[in-house]
Amino acid sequence: MLRRLPKIIPSVLLFSFLGIPGCMFSVPLKEIKLGAELLKKSTLIDVGLLSDVETLEFLPTKDRTERLIAVFLASSVLMVDLQTGDVRRTIQFEDGVIHPTFVDVDQDSDPEILMRYGGVINTSFLDSTGKTVWQRPSRAMMNAAAGDLDGDGHPEIYLAGTSGLERVTPGGQTVCQAAPDTWFTTLLPYVHGDAEQPMLVARTLHGIIQLYNSECELMRTVSMAKSGLLLEIVRWPVGDRRARLITWHMERSPAYIGPTQHSIVVMDLNGQIEFEYTFPKGQQTCMSLRCAIVRFDDDEPPYLAVLGSFKAGTRRSMLSLFSLDGRLVYNEILGRGEGLLAVRPSSENARGEILLVSDGFKVVRYSLR
């Protein structure tokens, strides 16, 4: 005899699904989970419903006493006074914005904008008014970076994609190329200046780190002890003061049974692990990663700040602060955002830096209590 199954109310089913720990649609609560006694926070600017804050950059100006922060939204950038939160200037983009960065190629203190579209639409170079100067199609170029690698005082522009690494002029003309023996190379978000020799850091599809000079010549290859899809690079403020590679590493259980183990791994430029912090079970997967070294007090040790964004549907990200020996000292769930910036206030009496973080529609600032 057939038995009739009980009727399931869709809203109850959806609620139950959203509440499953680790479910791709579960939404963690916004809360400070560790270290509330360490930091104090305040809002620098709230853009309302204009857009989520996509990312943050420090904006160099002719007046060195002035501190302006570039707050990138979906289709514009706001030049915000670090002290008051006032908007000094707004630039509207012709298209949407994904992973932008400022680069002052003509050294006029009015920087241009390099849009690293990451294979979604185009990689574009914009003038200081937001007008497109040139574009490269996404099928050819996957990422971009800018910086002064050859030491002539003028930043170069580097692109990477299915054809390998390419250096271009501000007008978009090719200077040199390197075609690695992999499908494509993805650049890190900026050029790293090493103490021994400035090098460009690239990562292949297979997780191999490649270091290039300004002539697109491969200098050496690094195999990481633990790799991950997300990778950042920072200059370590102690010891040899050279670069460190930071990745979000995921280790699945055998036969994919049980939870995935998530960890932050810090490695030197030889790919050797300096410290690894493993998050508790139930940690959500991060889809983007931003890292910065912040020194809140000049007389105190600095911290490694890590901002990881969860799946888009959650509209959440996680801010973590680590001591340089790998201890987690602060952990907070925030609104969606990929902006992370350590900057020194303009005040002459400032004894350290503040940390700016995008939190949904807001930019919040952190300092020591």
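Atom set for the values below is all heavy atoms of this structure, side chains included, hydrogens, waters and symmetry mates excluded.
Think of Val175 as one node in a network of Ile, Leu, Val, Met, Phe, Trp and Tyr side chains linked at under 4.5 Å; it has no links at all.
The aromatic rings of His262 and Trp248 sit tilted, their planes meeting at an angle between 30° and 60°. Relative ring orientation between Phe279 and Phe322 is described as perpendicular, the plane-to-plane angle rising above 60° on a 0-90° scale split at 30° and 60°.
Taking the side-chain hydrogen bond (donor to acceptor under 3.5 Å, both in side chains) definition, one finds that Asp298 meets it with Arg344, sequence neighbours left out. Scored by the side chain to side chain contact (heavy atoms under 4.5 Å, CB included) test, Met287 finds Thr285, Lys311 as partners (sequence neighbours excluded). Every side-chain hydrogen bond (donor to acceptor under 3.5 Å, both in side chains) that Ser320 has, sequence neighbours left out, goes to Asn331. With sequence neighbours left out, the salt bridge (charged side-chain N to carboxylate O under 4.0 Å, His left out) criterion links Asp299 to Arg351. A search for ring-ring contact (aromatic ring centres under 6.0 Å, His included) contacts involving Phe275 returns nothing, not counting sequence neighbours. Residues passing the salt bridge (charged side-chain N to carboxylate O under 4.0 Å, His left out) test with Asp52, sequence neighbours excluded: Arg315, Arg336. Taking the salt bridge (charged side-chain N to carboxylate O under 4.0 Å, His left out) definition, one finds that Lys131 meets it with nothing, sequence neighbours left out. The salt bridge (charged side-chain N to carboxylate O under 4.0 Å, His left out) search around Lys362 returns none, not counting sequence neighbours. Applying the side-chain hydrogen bond (donor to acceptor under 3.5 Å, both in side chains) criterion to Glu300, with sequence neighbours excluded, gives no partner residue. Every residue meeting the side chain to side chain contact (heavy atoms under 4.5 Å, CB included) condition with Ser323, not counting sequence neighbours, appears here in chain and number order: Asp325, Arg327.
Within the 4.5 Å cutoff, the side chain of Cys286 has heavy atoms near those of the Leu230 side chain. Side-chain contact check for Val87 versus Val71: every heavy-atom pair is 4.5 Å or farther apart.
For the pair Arg365 and Asp359, the salt-bridge criterion is not met [side-chain N within less than 4.0 Å of a carboxylate O].
Side chains of Thr174 and Glu166: a donor on one and an acceptor on the other come within 3.5 Å.
Applying the salt bridge (Lys or Arg N to Asp or Glu O under 4.0 Å) test to pairs two or more places apart or on separate chains, none has a residue in residues 259-270.
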Inset, instruction - Please assess Glu332 against Lys33 for the test salt bridge (Lys or Arg N to Asp or Glu O under 4.0 Å), listing each intermediate value before the final yes or no. - result: CA-CA 5 Å; Glu332 181 180 3; Lys33 306 179 74 173; over 6 Å; no
Legend entry - Glu274 and Arg244: CA distance, side-chain angles, deciding distance, salt bridge (Lys or Arg N to Asp or Glu O under 4.0 Å) verdict: CA-CA 9 Å; Glu274 296 209 347; Arg244 297 297 188 272; 3.0 Å; yes
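A donor-acceptor pair under 3.5 Å is absent between the side-chain atoms of Thr247 and the main chain of Val265, judged by distance alone.
Both Leu68 and Leu126 are assigned to one and the same hydrophobic cluster, defined by single-linkage of ILVMFWY side chains at heavy-atom distances under 4.5 Å.
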